[in-house]
Amino acid sequence: MTPATRVTGPARVIDGDTLVIGGWRIRILGIDAPERDQTCYDAAGETWPCGGAARQALAARIARQPVSCHVAGPDRYGRDLARCSTGGTDLAAWLVREGWAIPAGDEQGRYRAAAREAEARGAGMWRGSFMRPADWRRAGDRPHREGADDER
């Protein structure tokens, strides 16, 4: 897909920052959500499946509404990077504000205030502690499957 392409339709949620719309694999631009198998720690130090929770939160937010994405270009895994919204809500901003993703890449400034708000409220991953998703992938806690087409 070329930049400036708009994709709209029902979305299938793969993980906390990846969708499929009409056969296009889309990575939400400007954020990084925990991987499907990633765990975090709650305030008591107990592990919990934050990656699965991020995926479920995004699926619930979309709730069969059409998603509209404006493609910026491809990432290194062949997914299209895009700004996505549903019902007038910027999904990246919502995910960060709810604590299910952190700002990433060149977009960090755009979502920094939302991340501070989520941290202050102890929302999502901020209810305890977590490893940044990119660090978790680099640590090799599981095989890296970013480009896989499986539903995570």
Side-chain angles (χ1 to χ4, degrees), residues 7 10-21 24-43 46-152:
V7 178
R12 180 170 51 98
V13 176
I14 302 301
D15 63 20
D17 56 18
T18 308
L19 309 167
V20 174
I21 301 174
W24 296 103
R25 191 173 186 89
I26 296 171
R27 172 98 170 14
I28 300 172
L29 181 64
I31 63 169
D32 198 8
E35 293 297 321
R36 178 187 61 149
D37 300 331
Q38 186 171 346
T39 56
C40 296
Y41 295 94
D42 64 19
E46 298 293 322
T47 60
W48 61 283
C50 58
R55 180 189 179 281
Q56 290 173 344
L58 180 57
R61 175 65 187 95
I62 291 170
R64 300 181 192 204
Q65 297 179 74
V67 175
S68 181
C69 298
H70 295 273
V71 178
D75 72 3
R76 65 183 179 196
Y77 302 107
R79 298 169 301 187
D80 292 299
L81 293 169
R83 292 194 195 292
C84 298
S85 63
T86 189
T89 299
D90 174 341
L91 290 175
W94 181 84
L95 284 160
V96 172
R97 189 173 46 255
E98 295 302 312
W100 299 119
I102 57 172
D106 295 338
E107 301 291 312
Q108 287 186 29
R110 182 183 197 114
Y111 303 117
R112 192 170 287 135
R116 283 192 302 264
E117 177 186 328
E119 183 177 10
R121 288 189 349 265
M125 296 184 299
W126 296 102
R127 69 170 108 172
S129 63
F130 61 91
M131 183 180 284
R132 294 185 171 282
D135 295 340
W136 189 84
R137 289 188 296 270
R138 277 192 290 276
D141 287 347
R142 67 160 180 87
H144 186 59
R145 296 171 33 192
E146 279 290 337
D149 269 337
D150 62 319
E151 184 166 316
R152 299 196 251 171

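- With a 4.5 Å cut-off on side-chain heavy atoms, Val7 and Ile26 count as touching.
- Note: Glu117 CD to Arg97 CZ = 6.5 Å, rounded to the nearest 0.5 Å.
- Side-chain atoms of Arg61 and Leu91, non-hydrogen and from C-beta on, do get closer than 4.5 Å to each other.
- To the nearest 0.5 Å, atoms CE (Met131) and CH2 (Trp136) are separated by 9.5 Å.
- The heavy-atom pair separating Pro133 from Ile102 by the smallest distance is CD-CD1, 3.7 Å.
- Judged by distance alone, the side chain of Gln38 and the main-chain N or O of Glu35 form a donor-acceptor pair under 3.5 Å.
- Listed for the Thr47 side chain is no donor-acceptor partner under 3.5 Å among the backbone atoms of Tyr41.
- Electrostatic pairing of Arg27 and Asp15 does not count as a salt bridge here, judged by no charged N lying under 4.0 Å from a carboxylate O.
- Between the SG atom in Cys69 and the CD1 atom in Ile21 there is a gap of 3.5 Å [rounded to 0.5 Å].
- Closest approach of Ala93 to Ala114, counting heavy atoms only: O-CB, 4.3 Å.
- Atoms CG and CG, from Leu81 and Asp75 in turn, are 4.5 Å apart once rounded to the nearest 0.5 Å.
- Side-chain contact between Pro10 and Val67 is absent, with no heavy-atom pair separated by less than 4.5 Å.
- Taking NE2 from His70 and SG from Cys84, the interatomic distance works out to 9.0 Å, rounded to the nearest 0.5 Å.
- By the 4.0 Å N-to-carboxylate-O rule, Asp80 lies too far from Arg25 to be salt-bridged with it.
- When each of Arg137, Arg132, Arg138 is checked for a side chain to side chain donor-acceptor pair (under 3.5 Å) with Asp135, only Arg138 meets the rule.
- Here the shortest heavy-atom pairing between Val96 and Ala115 reads CG1-N, 3.4 Å.
- The two residues Phe130 and Met125 come nearest to each other via the heavy atoms CD2-O, 3.4 Å.
- Side chains of Ile28 and Leu95 form a contact here, defined as non-hydrogen atoms less than 4.5 Å apart.
- Pro103 places none of its side-chain heavy atoms less than 4.5 Å from the side chain of Arg110.
- Atom SG in Cys50 sits 8.0 Å away from atom CH2 in Trp100 (nearest 0.5 Å).
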* To do: May I have the step-by-step check of side chain to side chain contact (heavy atoms under 4.5 Å, CB included) for Thr86 and Ser68, ending in yes or no?
  => CA-CA 6 Å; Thr86 189; Ser68 181; over 6 Å; no
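- Residues Trp126 and Arg121 fail the side-chain proximity criterion, which asks for heavy atoms closer than 4.5 Å.
- The heavy-atom pair separating Ala82 from Val71 by the smallest distance is CB-CA, 3.8 Å.
- Taking 4.5 Å as the limit, every side-chain heavy atom of Ile14 sits out of range of all side-chain heavy atoms of Arg55.
- A 4.5 Å side-chain heavy-atom check between Tyr111 and Asp90 finds at least one atom pair inside the cut-off.
- Both tests pass for Arg127 against the ring of Trp48: distance under 6.0 Å to the centre and angle within 45° of the axis.
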